[in-house]
Amino acid sequence: PVFIVAVAAGALGYGVMNLLMAATPLAMQQCQHPFDSAALVLEWHVLGMFVPSFFTGRLIKRVGALPVMGAGVVLNVICVMVALSGVATWFAERVIELRAPGLVLITGVLLVAVLLLDRQQWAASAHAAHRAVTLLLAPAQASRTVHDALLARCLFYLARAHECGTGGSAPDALHPVLMDALRLAALRHLVETEATAHNLVLRMHVLRSNDAGAAAFLAAAPFPQGATAPGNAQLARHHYYRARVLAAQGEYAGAARDIEQAVRRAPLARAAHGFRLATARLRIVVQLLRGEVPELAAFAAAPAGLRAYRALSNTVRLGDLGQFGAVRAAGQARWDADGLAPLVARLHETVLRAGMRRLALAYAQISYADIARKLGLASAADAAALVRQTLAEGIVAGEAVDEGPAGFFRSSAVRGRALFLTPAPQDALNARARALQGLHDDAVRAMRFPDMARAPSDAPADDLVRPSDADLLDDFMDMEDEMF
């Protein structure tokens with residue numbers, strides 16, 4: 001077994017070495033890399049072959065032959081993985097030619113920022129992430145190839161550290177960094193970085209409740225085309241933030257469309273549970289603002305996280321202004337944490353419309369004073385204004401009779417239903433039942449007896465007379481005599 005292991009390890013090592021040494025320069029020439037770069041890779045390969053021979057003997061004596069062979073196998077596997085990982089420039093010459101700060105240093109700084117973020121050291125994490133972004137955006141780096149995915153990750157963790165350190169708000173110092181990264185990404189066609197910076201700028205405007213700034217940014221800087229290549233996550237975030245901006249501007253139909261797109265493009269992984277929950281909350285509020293009632297299935301995804309929104313939906317559906325005020329006050333912390341407090345405050349008008357619709361269906365005539373008392377309005381004048389508004393919008397049907405303080409609202413819906421308080425519907429039902437019963441009797445009678453009135457006029461009279469039983473018996477006896 002020892003001999004077989006030694007032969008297999010030697011054959012594998014020399015085979016992989018020959019394949020890599022012969023194929024790498026040819027592949028670099030086919031990929032249009034400079035000849036100097038291919039020669040440099042070959043030189044480093046030769047050095048990697050012979051330089052370890054100065055100390056491998058001592059390593060074998062110290063730790064044994066099998067661990068050293070295992071380390072060689074691991075290094076060969078890593079070399080194969082690097083060769084199969086891509087043919088871009090930074091995979092080959094940039095790692096060698098890149099001077100400090102290099103990609104290795106920037107990646108290390110980013111890992112430190114992530115570690116500090118996990119330990120909730122927000123200031124230190126933000127400083128480390130800002131250092132990594134500064135190194136990538138430096139003039140010395142701007143003339144070289146910038147790694148798209150690495151810059152996108154640095155921007156994300158920089159914004160995350162600042163947001164966690166400031167309690168959910170966006171600092172002013174972060175905006176210039178994001179705009180510089182967005183400008184560089186647009187010029188270099190860095191799709192992932194541009195999409196990430198675009199969403200982070202939108203998030204800053206949303207956190208600040210700067211609706212005008214967010215709308216101007218969306219009009220001036222559209223979402224990059226082709227951003228779905230690395231995945232739908234950035235596009236889903238874009239639709240969510242755009243829905244927030246449209247809902248704040250009162251464009252609820254457009255917000256509903258963007259919410260549907262965000263839900264469809266959201267990742268299915270468990271890591272996206274928070275995003276799906278935030279999208280569900282925004283969808284419920286937008287539906288209520290549009291006068292729609294969310295289905296019960298909308299609350300089944302996260303019953304605990306949507307409990308406050310279900311109570312809010314019930315109060316809006318019932319049109320109870322007093323209960324709406326109590327639910328709104330009880331869940332104020334929840335609305336503030338989700339950033340939906342201004343939209344929830346707008347539901348006051350929706351509750352009034354729902355309450356007015358309920359009163360129009362319950363009363364044939366009701367005074368403005370009673371409307372104000374039942375809906376919790378300040379005065380009868382406010383009730384009169386509400387009646388005129390709902391009549392103009394087509395929410396209720398009827399007429400407003402303004403006679404000063406004694407004005408009232410007369411509902412046409414109740415007057416239409418007053419017909420069912422009379423015997424007229426019962427009489428109509430009885431007439432229809434009698435007509436159907438008569439049709440049934442005529443059909444049965446026609447099937448049992450022939451219609452003599454419809455007999456042909458040229459038929460003999462004997463054919464139209466039914467024979468008697470005596471005649472039938474005589475005919476039968478005659479037939480029997482003939483047979484026997």
Side-chain angles (χ1 to χ4, degrees), residues 90 95 98-142 144 146-185 188 190-210 213-214 217 227 230-231 233-234 236-238 240-241 244 266-267 269-278 336-339:
W90 81 276
V95 177
L98 194 62
R99 294 169 175 83
L103 289 179
V104 177
L105 176 61
I106 297 175
T107 305
V109 174
L110 178 61
L111 292 177
V112 171
V114 175
L115 178 62
L116 293 174
L117 186 65
D118 292 337
R119 295 183 177 180
Q120 298 183 0
Q121 299 180 11
W122 315 124
S125 177
H127 178 73
H130 188 271
R131 179 61 178 168
V133 173
T134 304
L135 294 176
L136 283 172
L137 298 179
Q141 293 293 327
R144 300 176 180 272
V146 181
H147 194 267
D148 188 11
L150 183 60
L151 181 56
R153 298 298 185 277
C154 292
L155 290 174
F156 172 78
Y157 286 111
L158 173 62
R160 181 62 179 170
H162 275 292
E163 185 176 339
C164 293
T166 56
S169 62
D172 297 334
L174 185 60
H175 189 266
V177 179
L178 295 178
M179 294 304 296
D180 291 341
L182 182 61
R183 190 180 302 108
L184 177 64
R188 298 294 185 88
L190 306 177
V191 178
E192 188 173 357
T193 300
E194 186 178 0
T196 303
H198 188 278
N199 287 334
L200 290 176
V201 173
L202 265 183
R203 181 176 178 83
M204 286 185 58
H205 288 298
V206 170
L207 292 177
R208 293 177 178 180
S209 300
N210 186 10
F217 176 75
Q234 294 297 336
R237 293 189 183 98
H238 169 70
Y240 171 75
Y241 294 130
R244 290 279 299 266
R270 305 179 73 180
H273 176 72
F275 178 79
R276 289 185 170 275
L277 185 59
D336 292 337
D338 297 337

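Along the sequence shown, residues carry numbers from 1. The model shown is predicted, which means the values in this text are computed figures rather than measured ones.
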### Query
What distance do L115 atom CG and Q121 atom CD have between them, rounded to the nearest 0.5 Å?
8.0 Å
### Summary
Closest non-hydrogen atoms of F275 and A236, given as atom of the first, atom of the second and distance, are CZ-O, 3.5 Å
### Query
So do the side chains of R203 and N199 get within less than 4.5 Å of each other, counting heavy atoms only?
no
### Query
Should the ring pair H205 and H175 be called parallel, tilted or perpendicular, given that the plane angle runs from 0 to 90° and is split at 30 and 60?
perpendicular
### Closest non-hydrogen atom pair between T196 and Q234, with its separation
OG1-NE2, 3.5 Å
### Which atom of A266 lies closest to which atom of R276, heavy atoms considered
O-NH2, 3.2 Å
### Message
Let me confirm one number: the CG-CZ distance from L110 to F156, rounded to the nearest 0.5 Å.
### Response
11.0 Å
### Task
Answer whether the closest heavy-atom distance between the side chains of L182 and F217 falls below 4.5 Å.
yes
### Task
Check for a donor-acceptor pair, side chain of T134 on one end and backbone N or O of H130 on the other, with a separation under 3.5 Å.
yes
### Summary
Here the gap from L116 atom CG to H127 atom NE2, rounded to the nearest 0.5 Å, amounts to 10.5 Å
### Task
Write down the atom of Y157, the atom of A129, and the distance for their closest heavy-atom approach.
C-CB, 4.2 Å
#### Entry: Closest approach of L200 to L155 (non-hydrogen atoms, all atoms of both residues)
CD1-O, 3.6 Å
#### Entry: Approximate separation, where rounding is to 0.5 Å, of C164 SG and Q120 CD
8.5 Å
### Message
For R244 and Y240, which I'm curious about, is there any donor-acceptor pair between the side chains at under 3.5 Å?
### Response
yes
### Message
Rounded to the nearest 0.5 Å, what separates atom CD in E194 from atom CG in L184?
### Response
10.5 Å
### Query
R183 versus D180: any side-chain heavy-atom pair under 4.5 Å?
yes
## Note on the structure
L117 and A161 have their tightest heavy-atom pair at CD1-CA, 4.0 Å
